[in-house]
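The next block holds one structure in the form of structure tokens; read it before the comments.
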Amino acid sequence: MSEKTLVEAINECFHVELERDDSVMVMGEDVGRAGGVFRATAGLRDRFGPDRCVDTPLAEAGILGSAIGLCMAGWRPVCEMQYDAFSYPCLDQLITHVGRYRWRTGGAMEFPLTIRMPYGGGVRAPELHDDSPETYYVHTPGVKVAIPSTPADAKGLLAAAIREPDPVVILEPKLHYRTMRGEVPDGEHVTPLGKARVAREGSDVTLVAYGSMVPLSEQAADELAGEASVEVLDLRSLKPLDEDALLASAAKTGRVVIVQEAPRVAGFGAEIAAILAEKAILDLRSPVLRVTGYDVPYPYWQIEDAYMPSVERVTDAVRKLLRF
Amino acid sequence: MSEKTLVEAINECFHVELERDDSVMVMGEDVGRAGGVFRATAGLRDRFGPDRCVDTPLAEAGILGSAIGLCMAGWRPVCEMQYDAFSYPCLDQLITHVGRYRWRTGGAMEFPLTIRMPYGGGVRAPELHDDSPETYYVHTPGVKVAIPSTPADAKGLLAAAIREPDPVVILEPKLHYRTMRGEVPDGEHVTPLGKARVAREGSDVTLVAYGSMVPLSEQAADELAGEASVEVLDLRSLKPLDEDALLASAAKTGRVVIVQEAPRVAGFGAEIAAILAEKAILDLRSPVLRVTGYDVPYPYWQIEDAYMPSVERVTDAVRKLLRF
Amino acid sequence: MAQVLPDERELRRVIGDGDTIADGEVEGLGEQELVDLYRSMVVLRTYDERSVVYHRQGRIGTYAIFWNHEAMQAGSVYALDRDDWVFPSYRESAIGLLRGMPVETVLSWWRGHPSGWWNPLDYNVASICVPIGTHVPHAVGLAWGKKLRGEKTVAVAYFGDGATSEGAFHEGANFAGVMKAPAILFCNNNQWAISTPVSAQTAAETLADKAVGYGMPGVRVDGGDVLAVYEATREAVERARAGDGPTFIEALSYRAAPHATADDPSAYIDMERVEEERQNECLGRYARYLWRIGVLTDELEEQIRGEALQAMKDGIAAAEAEPSADPELVFRHAYVNPPPSLSEDLAELKRVLGNE
Amino acid sequence: MAQVLPDERELRRVIGDGDTIADGEVEGLGEQELVDLYRSMVVLRTYDERSVVYHRQGRIGTYAIFWNHEAMQAGSVYALDRDDWVFPSYRESAIGLLRGMPVETVLSWWRGHPSGWWNPLDYNVASICVPIGTHVPHAVGLAWGKKLRGEKTVAVAYFGDGATSEGAFHEGANFAGVMKAPAILFCNNNQWAISTPVSAQTAAETLADKAVGYGMPGVRVDGGDVLAVYEATREAVERARAGDGPTFIEALSYRAAPHATADDPSAYIDMERVEEERQNECLGRYARYLWRIGVLTDELEEQIRGEALQAMKDGIAAAEAEPSADPELVFRHAYVNPPPSLSEDLAELKRVLGNE
Ligand SMILES: Cc1ncc(C[n+]2csc(CCOP(=O)(O)OP(=O)(O)O)c2C)c(N)n1
Ligand SMILES: Cc1ncc(C[n+]2csc(CCOP(=O)(O)OP(=O)(O)O)c2C)c(N)n1
Ligand SMILES: [Mg+2]
Ligand SMILES: [Mg+2]
């Protein structure tokens, strides 16, 4: 164990996984010479050479499309999209090919590729550096999605994704790249996909969150100490989803607030609410609430705090349920 | 009024709207010389000239991207995407620009563009001619989405979209292009966005559907006649959504089944369930169920019927609720 | 300053017209090879013509006709080694036949039956790509990836004139140039993208001109001349294998049939022009050449055609004899490790269908 | 056969080196115009240098530096009419200053304040485009749309060397060629896309070579020579206005500063090379030219610099004096007719914040 920032944990994961398996390669814009604009891939080009840590042309569909071909040639490519909103040009390759190619071969071939990107707001950046695009990915068949909220999980989930035979998209909370530190297991460390984490135990209300909404939910839980015993469930993996953990927590508390940074309409939080409405209706003592971003472009940064789910909005939602 | 097929109703709408407003133009692959692969734009090039019904190069991002510029020059472009799955290359322009440009100008400019495409399965077509991509669109801020289920609405919603100052995506159920006939008002006909339609009144259960799932739901309602009084709510417009109609129907019946052709995970049906879990929890007498496509690529057509929501699956879900 | 024009703006030709234009020949192609090539073309032609009939008979679904594209497909594949990869579009749906793929596999694909899905590793033929141009980066990635592994594999992506307008083509081509991928970008310029003529597709004078922007040679060849196609492809293969990177080949041809069985080109194509092109179609041109140089005989011709026809008869019989597909297949193959919700869905569907 | 090569593969130059290379001149540019151009460059240079300082002082956010890009921006805009449209990327964030946009507007953009969002119709300057290359089709669509309306407007899209790899660039450029849009694709080839050198971006010999594939002229110009940039752009404008369609201009330059304030180029660029380029930066080159031809004086230089500096001081003061933005703006402007759920959200937020 050693203490690391979230992005250091990711970097370490790369060093371990590229050493471990020489079919793993990293590709993307500025991942090589510069070591990534957040330095997530620092040192890889020097250590493993420019063929295993490749500075690509500036073309996200080209990156993902050629990664499909690399898989067919036996590689396990890890593609970096430089920012959330710059991943959109790769959606076509993702939806029409990444999620379907194995199926198209009757299960004969594997496409063990990983797509990772920094996501989310709160970093005082210009437009289009702040999106939370997980819904586009989760809704796409054939693709798995994980979002870490701690340095240890950032390392462990990335390792799981790299080793997974199915394509996995990892969104990394860029807000916490350098500000969050935590204990991270040294060497090989894998956090299995599909296992949620009870970040905080509680009995009155469950906050369901992932990524950067987890620490926020924990803050809200602190804020509510004395008023209510709040459980915080960190989903970690959106697909496969740990339904058992979700239903167990809902059964225990009977009250659920879902916290999601992305715009609410048809966002992933709706899926959580829908699962509860189907499978936990008798457990629910109150409505299922969502605290989310809004159905608007992520705003200019001077007012981004009004967009982002806040401790106030979360505690308000919890209090609503307690009063219900 | 005259009886028309769904695609004839769309074609008539174009003739009326291009005549009415000479800033309306139609663009896309094969919309001109061929009049569209489904003949939705037949006759427009001859009548309005090749500048108002434009055969574009084969490039969906180019179509939508240049349509943004056309809006800035005062046009109201209607962009055809030839099929659902071939709209994915335009997602980047949609998410990063179509939904944001007006906002980016501080509300100074309007982007009255329409994107329309045939969508959905059941037509015995090769791969990637069968998708139901509405979730990608609805989740995108700044963009509205409508899906007609009848010839009259196909005409009326398209007219509404063309006249709307905001960007609108229209998905047209290709399965019913030529097989569904209905009375369509002659001349100008507008179906306002944001108003659901009670396709069938009932008191025991509500089926919430849109597009090609509406006639299917009506069939299921027929099948259940004698057993249960089934209401079928045709949403027509996914954004803006007619929440009042949804909540009124749920309050009346207390039982809701959502029928959606797209893959379930994080699909639009989840949003409906989430709204009910938040706002109708006391009205619900039973779980909210979803009958949907699955988290897999839309299958080869010999087994597509096993993928598509069927009357059997819908009636089964309704019976589950009645037994609950 | 180096020459940046496409290698040739004039069309390469080998086959003459039996009159004023003299026949050429291709080094290294003996009688056996010439007949092999002929056989390949007949196999494809027979597949195509029978498929249109099968479609009319309701035995296969919508079908993308490739009549008069056989020279481009057969000529180029013949220039490859068995280890080289082929990335077809829907227009090259039967190209796997040239690699030993059973006829019934391809027919099953067009029948919407899961037995039409093959393992690309069995033939080094990728899955049929339906969304235009999107497989160009796949071929480039494969070629690049093989090169990184020290293998000598070449990959060919087939696409149409319309495909050159797509961003995916551009990004793939640019990657190919930068990575010096041993790839061949083979453009079947049949001058139409459904109803859109190539003049409305691009303002470039030739499609091969596009190669300049990717720093790769662009070659133009008569797509109706199987020997010219073979030769141009062979040169591209040699370049690729020598480590000199990708080549863009524009094979000029004409779509002398509807885009697909559902299409009526009379609405947008001058049918007289089509008739002219049909008179000059590629298989006839090659057959006449072989007759002129004395390689083809009535007997041989009949035998080759007979075998191809028999293969089709056997193929459609086999395709139709396939057991009807198990609906459970809907749930298979999307994931190596499916999410638990998918297994639940399957169980639920089986319950509803009463199969449980 | 027509010439398809880019018009010129050699770089155009007008400004000499005061030594072996003689100074040229541009027809139609009198003393007044030469000084105007100088003023434009000083305005941009001053904006840029002050912005880096303001960033260090925490008064603006991350900032994309355009030091040594002023000649490309000022020279090209000067060749346009006021009705012509400019589509900037983040690298041309302050280009609106040349159209009368207040300094505080641009500063506010970088301060993340809503008063940094302008109405493009006020200046015929589109919004700053952040996602690379995606505005190329916008400019082309505008140019095409204006042409359809019978107007004579030209649109210029600015983008970098890296942008030429994106599919959006390709699709837009191809549309421009096909629609004969009166558009100019102005590529600032500063030889780096963040840390990626242009040699890893494309295998094309020059970026102007890409024009061939779109059937438009490709022009190469010394991007550090404001007069050459002006002249090349003016010719492109004339072509566009005459109905002869689009032009691709490659302006060759060098990024002699970090990509943005957050970037440390010493990790990937040879800083000696950067130093060399800094010695030869575009404003100094033009100033020396003006001195040589006797147009610039100490007095004039001082006056122009003084005015520009004052404008910046006033601009930052005005930007900092903006009232802090109303959080309610989060809910405004996305829609003309917002969906009802959005109004509900606003009401809810106001309730939570206790503002209701
Ligand atoms: C991305 C995408 N957009 C649209 C289509 C619909 N479509 C199928 S074939 C075709 C024309 C293709 O023309 P071309 O590239 O010249 O190939 P050809 O069919 O002539 O071989 C179109 C537009 C598609 N398959 N994929
Ligand atoms: C679609 C997209 N991908 C990635 C980025 C991140 N990014 C910002 S600037 C940049 C490099 C751009 O290089 P170039 O086009 O040469 O322009 P320059 O910055 O040199 O002016 C990158 C990769 C982006 N903004 N948009
Ligand atoms: Mg074609
Ligand atoms: Mg650059």
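The model shown is predicted, which means the values in this text are computed figures rather than measured ones. Residue numbers start from 1 in every chain, and the chains themselves are labelled A, B, ... in the order their sequence lines are given, proteins ahead of strands.
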### Message
Please classify the contact of B:S286 with chain A as side chain, backbone, both or neither, using a heavy-atom distance under 4.5 Å.
### Response
backbone
#### Entry: Which of A:V296, A:T135, A:V138 touches chain B most, by non-hydrogen pairs under 4.5 Å
A:T135
### Task
Quick one: which of B:G267, B:P297, B:A274 has the most heavy-atom pairs under 4.5 Å with chain A, could you say?
B:P297
### Summary
To the nearest 0.5 Å, atom NE2 of B:H97 lies from atom CG of A:L128 at 7.0 Å
#### Entry: Part of B:K239 within contact of chain A (heavy atom distance under 4.5 Å)
side chain
### Query
Quick one: which residues of residues 245-261 of chain B reach chain A at under 4.5 angstrom, heavy atoms only?
none
### Query
Rounded to the nearest 0.5 Å, how far apart are NZ of A:K320 and CD of B:E278?
6.5 Å
### Message
Would A:H139 and B:H139 count as a side chain to side chain contact (heavy atoms under 4.5 Å, CB included) here? Give the steps.
### Response
CA-CA 11 Å; A:H139 184 56; B:H139 184 55; over 6 Å; no
### Message
Under the criterion salt bridge (Lys or Arg N to Asp or Glu O under 4.0 Å), I'd like the reasoning laid out for A:D131 against B:R100: C-alpha separation, chi angles, the key distance, then a yes or no.
### Response
CA-CA 13 Å; A:D131 277 13; B:R100 300 194 205 221; 2.5 Å; yes
### Task
List the steps and the verdict of side chain to side chain contact (heavy atoms under 4.5 Å, CB included) for A:E271 and B:E271.
CA-CA 7 Å; A:E271 179 64 26; B:E271 177 66 26; over 6 Å; no
### Query
Less than 4.5 Å apart, any side-chain heavy atom of B:D92 and any of A:L91?
no
### Message
B:F86 vs A:T96, test: side chain to side chain contact (heavy atoms under 4.5 Å, CB included). Steps then yes/no.
### Response
CA-CA 9 Å; B:F86 308 145; A:T96 60; over 6 Å; no
### Message
So for A:E127, is it side chain, backbone, both, or neither that comes closer than 4.5 Å to the heavy atoms of chain B?
### Response
side chain
#### Entry: Interchain contact, B:L284 with chain A, by part (heavy-atom threshold 4.5 Å)
side chain
### Task
Please flag which part of B:Y300 lies under 4.5 Å from any non-hydrogen atom of chain A: side chain, backbone, both or neither.
both
### Summary
Taking a cut-off of under 4.5 angstrom between non-hydrogen atoms, the residues of residues 60-69 of chain A near chain B are none
### Task
Compute whether any side-chain donor of one residue and acceptor of the other, for A:Y136 and B:T140, lie under 3.5 angstrom apart.
yes
### Task
For chain B, find its close neighbours in residues 101-108 of chain A: heavy-atom separation under 4.5 Å, sorted by number, or none.
A:W103, A:R104
### Query
Taking atom CD1 of A:I95 and atom OG of B:S87, what is their separation to the nearest 0.5 Å?
8.0 Å
#### Entry: Portion of B:I275 that has a non-hydrogen atom of chain A nearer than 4.5 angstrom
both
### Task
Using the test side chain to side chain contact (heavy atoms under 4.5 Å, CB included), find all partners of B:E164 that sit at least two apart in sequence or belong to another chain.
B:K144, B:D166, B:V168, B:L193, D:N337
